[in-house]
2 protein chains.
Amino acid sequence: MSANPASNANSTAPESGVPASAPAVPPSPTFSPLYQQIKGLITQSLESGEWKPGEIIPSEVELAARYKVSQGTVRKAIDELAADNLLVRRQGKGTFVATHNEERAQFRFLRLLADDGAEHPHVSKLLECRRLRASAEIARQLDLKPSDPVVLIRRLLQFDGESTVLDEIWLPGGVFRGLTSERLADYKGPLYAMFEAEFGTRMIRATEKIRAVAAEPTVADLLKVPAGFPLLSVERVSYTYGDRPVEVRRGWYVTTGYYYQNDLS
Amino acid sequence: MSANPASNANSTAPESGVPASAPAVPPSPTFSPLYQQIKGLITQSLESGEWKPGEIIPSEVELAARYKVSQGTVRKAIDELAADNLLVRRQGKGTFVATHNEERAQFRFLRLLADDGAEHPHVSKLLECRRLRASAEIARQLDLKPSDPVVLIRRLLQFDGESTVLDEIWLPGGVFRGLTSERLADYKGPLYAMFEAEFGTRMIRATEKIRAVAAEPTVADLLKVPAGFPLLSVERVSYTYGDRPVEVRRGWYVTTGYYYQNDLS
DNA sequence: CAGTGGTCTAGACCACTAC
DNA sequence: TAGTGGTCTAGACCACTGT
């Protein structure tokens, strides 16, 4: 590879024990393994859109040639990216950029199952989508300046015709310029699939704070439960490449007949 | 290694392209990579208690010699076991059997944080510990026969002096023979640490079903909240080696001032 | 059949820890 | 200095997928 700060200029002759002539760089105090650097380079290509969600990326041998490292090193980099859900390996076919359109990817971000353990389909009802200025709290969480433009989406998810989830979603206005009710209503499939396809912003990971709360009247109304009814409150912050926060989401879940599934492993 | 069903009897002479004399076994229809088999053997040693929680296991070179495979193959097996939280690698020192006494292991199974994001210490108040016969439902979840003996533990967790979590824990009576209130009261540290040290049963993973519920009078009383108060209901099933269920737990969490932290990654 | 990812090996060297 | 895990390489071969 081109930029190589670490101590890898040696071992070009595996059969001879002679060290390379000029070590040049001493054991760097900030040591970073080669495969981590490769991982960074691949991530850059993903972020820049060189390879788009769903597309195939170059084969391991090709990448090894491009970065001037062994296939094993590229392999380890891809291994980690696959473990991070950025790439998907398919034996015999190739390695692909992960997308929120896959079956399994859906579950990762909405872990609601029916009491019998089955995964039910749901439909989304858009309540509103409007642009406004960020409150201090939202600005802090999205790493924006207060009163920067944001988009607010409110929607209702119905499982088997029953209103089960109420979501309030805040997005940075700059990134999601051009997001309107019409485009939201027209789009089929998961919200995150639209975000990655239409706005080049892919959600990588998220953290959630979960609480039990009593339904306030306005929320209760929309979810068709009495005021004071126990609801699951889910506060999510989602991050994209570089661990930059790009979504704040507050959800209220009715958990009668459904539960939030979590695996500790 | 000794028992090798797969097609690995070749490539003993890497520099010559000649295949080994007797392929013996055709490409097995149920192909299992060598490192997976090694992983199984190491898991057996863990389960049998050959290496106990907290102890060091043999070095990679020793294990490679024992199983008659290359260090790289042992390495890949250990990599996965470390990813599964069964082993812990420490560079320069060795590889150790994971234990529930470590700081980071605690969090995995009780993800309750204060509103400011800090992790607060808690104390456990034992309410009761008695032996009884399994209900049909508990028996099913623990893979026992109805009316098999089980142990029921009820306890209260207090954060900063406030009653925050009420737990009901069912354990198979056979495995936890000799578990009494006295031993529970005497033991310092996490429950799971005691289980692995005193009963040789280590919790590997768990699944949780989370709901919001209204506090019933008896529960509300113990948690010092009004009846009907919204509580987080957490139903957990924990598994040990071989994915055998060994604990059913029902918890009620007061989530005012605290939240359940979950990471989607 | 060629091309892809997946496994396995052998060996050199590096970084970290303890004695 | 010796021993541990961690990185990197090169090469052979296997399993899977499409043409």
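Keep in mind that this is a model prediction, so the values were computed, not measured. Numbered from 1 within each chain, the chains take letters A, B, ... in sequence-line order.
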Please find out if less than 6.0 Å separates the ring center of B/His100 from that of B/Phe195.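 Not close enough - the centres of the two rings lie 6.0 Å or further apart.
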
Taking [atom1] from [X] and [atom2] from [N], how many angstroms apart are they, rounded to a whole number?
X       : N      : atom1 : atom2 : result
B/Gln71 : D/dC8  : CD    : P     : 16 Å
A/Glu80 : D/dG6  : CD    : P     : 12 Å
A/Asp79 : C/dT4  : CG    : P     : 17 Å
B/Phe96 : D/dG3  : CZ    : C1'   : 12 Å
B/Leu34 : D/dC13 : CG    : C1'   : 13 Å
B/Tyr67 : C/dC8  : OH    : P     : 15 Å
B/Leu81 : D/dG5  : CG    : P     : 14 Å
B/Arg90 : D/dG3  : CZ    : C1'   : 17 Å

Listing time: all N or O pairs from protein to nucleotides 17-19 of chain C that are below 3.5 Å?
none

Kindly say whether B/Ser32 contributes a backbone atom to a donor-acceptor pair with the side chain of B/Gln37 at under 3.5 angstrom?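 Side chain of B/Gln37 to backbone of B/Ser32, a donor-acceptor pair under 3.5 Å: yes, one is there.
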
Do A/Arg249 side-chain atoms and A/Asp167 backbone N/O form a donor-acceptor pair below 3.5 Å?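 Answer holds: no.
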
Does C/dA10 have OP1 or OP2 sitting under 4.0 Å from an N or O in the side chain of B/Ser70?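 Answer no for this pair, as no side-chain N or O of B/Ser70 is under 4.0 Å from OP1 or OP2.
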
Check the phosphate of C/dT4 against A/Thr95, side-chain N and O only, distance under 4.0 Å to OP1 or OP2. Yes or no?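 Indeed not, no polar side-chain atom of A/Thr95 lies that close.
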
Any side-chain heavy-atom pair from A/Tyr260 and B/Glu208 closer than 4.5 angstrom?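 Sidechains of B/Glu208 and A/Tyr260: no contact.
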
Side chain of [X]: nearest nucleotide among [options]?
X       : options             : answer
A/Arg89 : C/dT7, C/dG5, D/dT9 : C/dG5
B/Thr73 : D/dT7, C/dG5, C/dT9 : C/dT9
A/Arg75 : C/dT4, C/dT7, C/dT9 : C/dT7
A/Glu60 : C/dG6, D/dC8, C/dC8 : C/dG6

With A/Ile78, which of A/Leu87, A/Thr73, A/Leu86 fulfils side chain to side chain contact (heavy atoms under 4.5 Å, CB included)?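 Exactly one candidate clears the test, A/Leu87.
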
Over 60° means perpendicular and under 30° means parallel, so classify the ring planes of B/Phe109 and B/Tyr192, tilted if in between.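 B/Tyr192 vs B/Phe109 ring planes: perpendicular.
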
Salt bridge (charged side-chain N to carboxylate O under 4.0 Å, His left out) evaluation trace for A/Asp84 with A/Arg205: CA-CA 9 Å; A/Asp84 293 346; A/Arg205 68 174 193 94; over 6 Å; no

